[in-house]
Amino acid sequence: MARPVRVKKSDPTRALAIVDGLEELYPEAHCELTFESPFQLLIATILSAQTTDVRVNMVTPKLFAKYGTPAKLAAATNKEIEPIIQSTGFFRNKAKNILGAARVLMDDFDGVVPRTMDELLTLPGVARKTANVVLGSAYGLNEGFVVDTHVMRLSQRLRFTKQLEPVKIERDLCELLPRDKWTKLGHQLIWHGRRVCFARKPACHECALAPHCPSAGKV
DNA sequence: ATCCCGAGGG
DNA sequence: CCCTCTGGAT
C-alpha cells in the first residue's frame with residue numbers, strides 16, 4: 001500500500017522571504033578563505049575542518065609559497081607540511097589528506113582540480129561539503145549546497161529542514177531553494193551564522209530574519 | 001566547557 | 001548512528 005499523503009514541505013513562500021532578506025543583509029557574501037586557484041581553494045577547504053577560516057588564512061600563505069601547485073605539494077613530505085599547518089588542528093590527518101589529494105590530482109586528473117562531484121569525492125579528505133565549496137566558489141557551479149556547521153544550524157532553526165544528517169539537509173535545501181542561488185545562499189547563511197545566529201546565544205533581538213523564523217526567541 | 005565553512009572509519 | 005583526530009578562541 002502506498003503511503004497516501006505527503007507531508008507538506010517547508011513553506012516555500014516563507015523560504016523565499018528569507019532568501020530576499022539574506023540578499024538585503026549580505027549582498028556581498030562570499031568565500032572568506034584566501035586562494036589564487038581552484039587547487040588552493042581545495043587545499044584551504046580541507047584545512048578548514050573544525051577551525052576558523054581566519055586560522056586557515058594564517059597558514060596558507062606560507063604553505064602556498066612553497067607548495068602552491070599540485071605538482072609541488074605532491075612531492076612534499078608529511079614532515080615538511082605538518083609544522084606549517086599545525087595550528088589548524090587535526091594536522092596529521094590534514095597533512096596526509098592534502099598530500100594524498102595532490103597525488104591523486106597528479107595521478108588521475110593531470111594536475112587539474114576536477115569539476116564534478118563524483119570526481120572530487122575520489123580525493124582523500126574531500127566529502128560533499130568540501131566538494132561543494134570548490135564547485136561553487138572556484139568554478140561558479142551550483143551543483144549542490146554547502147552544508148557546514150552554520151548552514152546546518154540555521155537550516156534547522158529556520159525550519160528549512162528537520163533532518164539532522166548533512167546529506168539529507170542538503171537534499172531538502174536543494175528542493176526548497178532556487179538553484180541559481182545555492183552558492184550565494186550558502187555564503188549568506190554562513191555570514192549570518194557568524195554575525196547574528198550564533199550557535200550558543202543567537203541574537204534574535206537584532207535579527208532581521210526573526211519575523212520569518214520559527215525559532216526566534218526560542219533557542 | 002563549547003565552538004569553529006569535516007572526514008573517515010567502526 | 002557513533003567515535004576519533006586536533007588546536008585555538010571565547
Side-chain angles (χ1 to χ4, degrees), chain A residues 22 26 28-35 38 40-60 62-63 78-79 81-104 113 117-158 160-170 173 177 181-203 219:
Chain A
L22 284 168
Y26 313 111
E28 305 295 318
H30 60 270
C31 178
E32 295 187 90
L33 295 168
T34 56
F35 62 99
Q40 292 187 3
L41 178 59
L42 170 70
I43 300 305
T45 307
I46 294 174
L47 294 179
S48 74
Q50 294 300 104
T51 194
T52 60
D53 56 341
V54 173
R55 174 62 51 186
V56 175
N57 291 339
M58 289 169 63
V59 311
T60 45
K62 185 189 245 184
L63 179 67
N78 298 58
K79 291 307 158 206
I81 300 305
E82 285 177 3
I84 301 176
I85 67 171
Q86 193 266 350
S87 70
T88 66
F90 302 145
F91 62 92
R92 279 181 283 269
N93 277 340
K94 288 178 181 177
K96 193 191 313 169
N97 286 151
I98 65 177
L99 289 177
R103 287 166 187 159
V104 174
V113 178
M117 174 64 69
D118 286 347
E119 291 175 310
L120 286 167
L121 293 180
T122 69
L123 303 173
V126 177
R128 294 194 63 87
K129 183 263 172 179
T130 299
N132 279 325
V133 169
V134 170
L135 291 169
S137 294
Y139 290 135
L141 304 172
N142 286 305
E143 286 298 308
F145 208 108
V146 171
V147 179
D148 73 330
T149 179
H150 296 295
V151 173
M152 176 157 8
R153 183 176 72 253
L154 270 69
S155 296
Q156 282 154 358
R157 287 181 179 167
L158 289 167
F160 283 168
T161 184
K162 294 179 181 176
Q163 300 296 330
L164 299 176
E165 297 164 55
V167 65
K168 295 182 181 175
I169 295 172
E170 185 180 352
L173 293 177
L177 302 170
K181 298 181 180 176
W182 287 351
T183 299
K184 182 76 171 285
L185 276 169
H187 293 137
Q188 290 169 328
L189 287 169
I190 289 166
W191 282 36
H192 193 61
R194 285 193 184 137
R195 290 160 177 73
V196 180
C197 194
F198 308 114
R200 275 182 270 195
K201 197 171 179 294
V219 181

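No hydrogens, no waters, no symmetry mates; every other heavy atom, side chains included, goes into these values.
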[X] [atom1] to [N] [atom2]: how many Å, rounded?
{"X": "A:L33", "N": "B:dC4", "atom1": "CG", "atom2": "C1'", "result": "12 Å"}
{"X": "A:I98", "N": "B:dG8", "atom1": "CD1", "atom2": "P", "result": "14 Å"}
{"X": "A:L123", "N": "B:dA7", "atom1": "CG", "atom2": "P", "result": "12 Å"}
{"X": "A:I46", "N": "C:dT6", "atom1": "CD1", "atom2": "P", "result": "16 Å"}

Map A:N97 and A:H30 onto DNA chain B by nearest heavy atom, then report which one ends up closer to the 5' terminus.
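Comparing both residues, the 5'-ward one is A:H30.
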Do the side-chain N and O atoms of A:D53 and A:S48 include a donor-acceptor pair separated by under 3.5 angstrom?
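No, no side-chain donor-acceptor contact under 3.5 Å.
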In terms of side-chain heavy atoms, does A:W191 have a donor or acceptor partner in A:E32 at a distance below 3.5 Å?
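Yes, because at least one side-chain N or O of A:W191 sits under 3.5 Å from a partner of the opposite role on A:E32.
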Close side-chain approach of A:V151 and A:L173, heavy atoms under 4.5 Å:
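Yes, close enough: below the 4.5 Å cut-off.
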Can you tell if the side chain of A:T51 reaches within under 4.5 Å of the side chain of A:K94, non-hydrogen atoms only?
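Sidechains of A:K94 and A:T51: in contact.
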Does C:dG7 have OP1 or OP2 under 4.0 Å away from a side-chain N or O of A:Q50?
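So the side chain of A:Q50 is outside the cut-off, no N or O lying under 4.0 Å from OP1 or OP2 of C:dG7.
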Please tell me if A:T130 has a side-chain N or O lying less than 4.0 Å from either OP1 or OP2 of B:dG6.
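No.
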Scan [X] against the nucleic acid and name what it touches under 4.0 Å (heavy atoms): base, sugar-phosphate only, or nothing.
{"X": "A:T45", "answer": "nothing"}
{"X": "A:R200", "answer": "base"}
{"X": "A:T51", "answer": "base"}
{"X": "A:P124", "answer": "sugar-phosphate"}
{"X": "A:R92", "answer": "sugar-phosphate"}
{"X": "A:V54", "answer": "nothing"}
{"X": "A:E32", "answer": "base"}

Expressed in whole Å, how much space separates the C1' atoms belonging to B:dC4 and C:dC1?
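B:dC4 and C:dC1 have their C1' atoms separated by 23 Å.
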Which value, in whole Å, describes the distance between the P atoms of nucleotides C:dC5 and B:dC5?
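Straight-line distance between the two P atoms is 23 Å.
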